[in-house]
Chemist: 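Shown below is the structure under consideration.
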Amino acid sequence: MLGLASIIIGYLFGCIHGSNIIGKLKKVNIKESGVKNAGASNTTIVLGWKYGIVVALIDIGKGIVPILVMNSWLRHYSLDESTFYLLLFLNGAFVIIGHIFPLTMNFNGGKGTASMIGVMFALDWRVGLIGFVVLIIITLISDYLPIGVLVMYVTWVFLTYLFGYPLYAILITIGLTLLCIYKHIENWKRIQNQTETRVSSMLKKK
C-alpha cells in the first residue's frame with residue numbers, strides 16, 4: 001500500500017509542468033514551439049533564459065517536495081532502512097516518469113532533467129550537488145546541454161553505487177539513465193548534424 005502511494009504521489013507531482021504554467025501565462029504553447037519539448041531548455045529557446053530559469057525552478061521543486069513529504073510520512077511507520085529508501089527512490093523515479101509521460105499532456109511531456117536534479121538533491125544532497133556541478137561543467141565545456149545531462153545521469157548511477165545504496169537503487173538509476181538516452185535520441189542526431197541549439201546561443205536570448 002505504501003509502495004503504491006509512493007508511486008502515485010510521485011507521478012502526480014511529475015505531471016505538474018513548469019512550461020505549461022509559463023506557457024499559459026505567456027499564451028505560448030511551449031510544447032509546439034522551438035524544439036517541441038516541454039521543459040526548461042526549450043522554454044529558454046522560445047522565451048529566453050529568465051523564463052527558462054522559472055520553469056527549471058518549478059520542475060526542480062516538484063522533484064524535491066514529494067520526496068520530503070514521503071520522507072516525513074514514512075517515518076511514522078516502523079520500516080527497515082532498505083524498505084524506507086526503496087519507497088523514496090520509487091517516489092523520485094515516478095516524479096521523473098510523470099514529467100516524461102504526463103497524463104495531462106497525453107503522456108508526451110518533457111525529458112525530466114530539472115525534475116531529476118530535484119530528485120537527486122532530495123534523496124541525497126551530496127549526490128545532488130556533485131551531479132549538478134558535473135552538469136554545469138560538462139555542459140559549458142561541450143556547449144551542449146544533452147551531453148551534460150547524460151554525464152549527470154551516469155554520475156548519479158556511479159555515486160549511488162559509491163555511497164553504498166542497495167542494488168534496487170542502482171537499478172532504478174540505471175533504468176532512468178536508459179530512459180534519458182532514449183528521450184534524447186533526437187538531440188544526439190541534431191548534435192551529429194550540428195543543428196542542435198548550443199547553450200551559448202540560448203543564453204544570449206533575453
Side-chain angles (χ1 to χ4, degrees), residues 2-3 5-7 9-11 13-14 39-41 53 56-75 77-101 109-185 187-188 191 199:
L2 288 175
S6 183
I7 288 171
I9 290 172
Y11 180 79
F13 267 91
S41 59
I53 288 176
L57 290 176
I58 292 173
D59 289 346
I60 289 172
K62 79 181 184 188
I64 295 174
V65 172
I67 293 177
L68 294 183
V69 170
M70 288 297 299
N71 192 321
S72 177
W73 181 38
L74 291 174
R75 291 188 185 279
Y77 296 88
S78 299
L79 301 173
D80 60 81
E81 186 177 69
S82 180
T83 302
F84 179 79
Y85 279 106
L86 172 59
L87 293 172
L88 290 185
F89 268 84
L90 278 176
N91 181 257
F94 273 87
V95 170
I96 298 170
I97 291 171
H99 181 91
I100 296 174
F101 305 109
K111 296 175 181 176
T113 302
S115 301
M116 192 273 242
I117 292 172
V119 167
M120 286 171 60
F121 269 104
L123 289 173
D124 189 327
W125 68 268
R126 301 169 300 172
V127 177
L129 182 59
I130 295 171
F132 184 69
V133 170
V134 167
L135 170 67
I136 297 300
I137 292 174
I138 299 300
T139 297
L140 291 178
I141 291 175
S142 66
D143 206 19
Y144 287 119
L145 181 60
I147 295 177
V149 171
L150 177 59
V151 176
M152 179 176 66
Y153 267 92
V154 173
T155 301
W156 189 17
V157 175
F158 174 73
L159 291 177
T160 302
Y161 168 76
L162 184 66
F163 290 159
Y165 283 95
L167 179 60
Y168 63 73
I170 299 170
L171 292 176
I172 287 173
T173 57
I174 290 174
L176 291 173
T177 299
L178 294 175
L179 182 58
C180 165
I181 293 173
Y182 168 72
K183 287 297 293 183
H184 283 86
I185 287 177
N187 299 87
W188 310 134
I191 289 174
V199 172

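Heavy-atom basis, side chains included; hydrogens, waters and symmetry copies ignored. Being a predicted model, the structure only gives us computed values, none of them experimental.
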Chemist: Nearest 0.5 Å, please: how far is CG in L74 from CD1 in I67?
Modeler: 11.0 Å
Chemist: Can you see which heavy atom on G118 is nearest to which on I64, and at what distance?
Modeler: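 Result for this residue pair: O-CG1, 3.3 Å.
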Chemist: Evaluate whether atom OH of Y161 has more than 12 neighbouring non-hydrogen atoms of other residues, nucleotides or ligands under 6.0 angstrom away.
Modeler: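 Atom OH in Y161 is not packed in, count stays at 12 or less.
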Chemist: How long is the gap from CG on L145 to CE on M152, to the nearest 0.5 Å?
Modeler: 8.0 Å
Chemist: Would you say that M120 contacts L129 through its side chain, given a criterion of any heavy-atom pair below 4.5 Å between the two side chains?
Modeler: no
Chemist: Once rounded to the nearest 0.5 Å, what's the spacing between atom CD1 of I9 and atom CG of N91?
Modeler: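 Going from CD1 on I9 over to CG on N91, the span is 6.5 Å.
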Chemist: Write down the atom of N187, the atom of K183, and the distance for their closest heavy-atom approach.
Modeler: OD1-O, 4.1 Å
Chemist: Do L79 and L87 come within less than 4.5 Å of each other through their side chains, counting heavy atoms only?
Modeler: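 Contact flag for L79/L87 side chains = yes.
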Chemist: Do L86 and P166 touch side chain to side chain, with heavy atoms closer than 4.5 Å?
Modeler: no
Chemist: To the nearest 0.5 Å, what is the distance between CG on L176 and CG on L171?
Modeler: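 Answer for the CG-CG pair, L176 versus L171, is 11.0 Å.
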Chemist: Do I181 and W188 have side-chain heavy atoms sitting under 4.5 Å apart?
Modeler: yes
Chemist: Does atom CZ of F158 have more than 12 heavy-atom neighbours from other groups under 6.0 Å away?
Modeler: no
Chemist: With no hydrogens and no angle check, just 3.5 Å: does a side-chain donor-acceptor pair link Y165 and D124?
Modeler: yes
Chemist: Using side-chain heavy atoms (C-beta onward) and a distance below 4.5 Å, is V127 in contact with L123?
Modeler: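 Sidechains of L123 and V127: no contact.
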Chemist: Please evaluate residues S115 and I60 with respect to the criterion side-chain contact (heavy atoms from CB on, under 4.5 Å), reporting the C-alpha separation (whole Å), side-chain torsions for both, the decisive distance (0.1 Å), and the verdict.
Modeler: CA-CA 5 Å; S115 301; I60 289 172; over 6 Å; no
Chemist: Is there a side-chain contact between I96 and F101, using heavy atoms and a 4.5 Å cut-off?
Modeler: no
Chemist: Is there side-chain contact between L88 and F84, with heavy atoms separated by less than 4.5 Å?
Modeler: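 SC-SC contact between L88 and F84 confirmed.
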Chemist: Step by step, work out the side-chain contact (heavy atoms from CB on, under 4.5 Å) result for Y144 and V199.
Modeler: CA-CA 6 Å; Y144 287 119; V199 172; 5.8 Å; no
Chemist: When the ring planes of F89 and Y168 are compared, do they come out parallel, tilted or perpendicular, using 30° and 60° as the limits?
Modeler: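 Perpendicular.
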Chemist: So, K111 versus H99: side-chain donor-acceptor pair below 3.5 Å or not?
Modeler: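 No.
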Chemist: Let me see the working for Y85 and E81 under side-chain contact (heavy atoms from CB on, under 4.5 Å), right down to the final yes or no.
Modeler: CA-CA 6 Å; Y85 279 106; E81 186 177 69; 3.6 Å; yes
Chemist: Can you name the closest pair of heavy atoms from V95 and G63 and give their distance?
Modeler: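 What the structure gives for the nearest pair is CG1-CA, 3.9 Å.
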Chemist: Hey, could you give me the CG/CG distance between L150 and L135, rounded to the nearest 0.5 Å?
Modeler: 11.0 Å
Chemist: Are I191 and I147 side-chain neighbours, meaning at least one heavy-atom pair lies under 4.5 Å?
Modeler: yes
Chemist: Decide side-chain contact (heavy atoms from CB on, under 4.5 Å) for M116 and W156; before the verdict, give the C-alpha distance in whole Å, the side-chain angles of both, and the deciding distance to 0.1 Å.
Modeler: CA-CA 10 Å; M116 192 273 242; W156 189 17; 3.7 Å; yes
